[in-house]
Amino acid sequence: MNWLHLVSYFFGGACLANTIPHLVSGLRGEPFQTPFAKPPGEGLSSSTVNVLWGFFNLVVVYLLVCRVGEFSLLDKGDVAALGFGALALSLFCARQFGQFHGGNTPTGS
């Protein structure tokens, strides 16, 4: 097992996690933060920009996971690298964007 392939799968998992909120927001017609907003990562981008950014991330996932090495869903190392990448970026995004949407300080009922 080539460790560079695992690094590629880790970043592929991170991009896969990043694809989801942008595509969902865009498909729902809602604005969401992107690197193209002003200020970057804080301001909101249009739903169209989010769909384009989500699909770009999906292309990157394809390149990192399907075109590097021989990714296999039956290989625990491959799946773990992809999963840890997705988890790492998901936790980062939860903290980063939670400050804008109230996710870091939920109110109890």
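Residue numbers run from 1 in the order of the sequence given.
Atom CZ of residue F36 and atom OG of residue S46 lie 11.0 Å apart, to the nearest 0.5 angstrom. For the atom pair CG (L82) and CG (L16), the distance works out to 6.0 Å, reported to the nearest 0.5 Å. The line from CD of E70 to CG of D75 is 10.5 Å long, rounded to the nearest 0.5 Å. Residue H22 holds its NE2 atom at 8.5 Å from CD of Q33, rounded to the nearest 0.5 Å. Rounding to the nearest 0.5 Å places CH2 of W53 at 12.5 Å from CG of L58.
Residue L73 qualifies as open at atom CG: its count of foreign heavy atoms under 6.0 Å is 12 or below. Heavy-atom neighbours of F71 CZ from other residues, nucleotides or ligands within 6.0 Å: above the threshold of 12.
Listed for the N50 side chain is a donor-acceptor partner under 3.5 Å among the backbone atoms of S45.
Considering all non-hydrogen atoms of both residues, G12 and V65 come closest at CA-CG2, 3.9 Å. What you find for G77 and L6 is that their closest heavy atoms are O-CD2, 3.6 Å.
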| request: Start with the C-alpha distance between L64 and Y9, add both sets of side-chain angles, then the distance that settles side chain to side chain contact (heavy atoms under 4.5 Å, CB included), and finish with yes or no. | output: CA-CA 6 Å; L64 290 174; Y9 303 155; over 6 Å; no

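Under a hydrophobic-cluster definition in which Ile, Leu, Val, Met, Phe, Trp and Tyr are linked whenever side-chain heavy atoms come within less than 4.5 Å, directly or via other members, F32 and L52 are assigned to different clusters. Clustering ILVMFWY residues whenever any of their side-chain heavy atoms sit less than 4.5 angstrom apart, transitively, puts V49 in the very cluster that holds V60. Side-chain heavy atoms closer than 4.5 Å link hydrophobic residues (I, L, V, M, F, W, Y) into clusters, and following such links, possibly through other members, connects F56 to F11.
Pairs engaging residues 54-68 under the side chain to side chain donor-acceptor pair (under 3.5 Å) rule: N18-N57 [sequence neighbours left out].
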Report, one line per pair, each donor and acceptor closer than 3.5 Å where one atom sits in a side chain of residues 85-95; sequence neighbours left out.
residue, atom, partner, partner atom, Å
S90, OG, A86, O, 2.7
R95, NH1, N104, OD1, 3.4

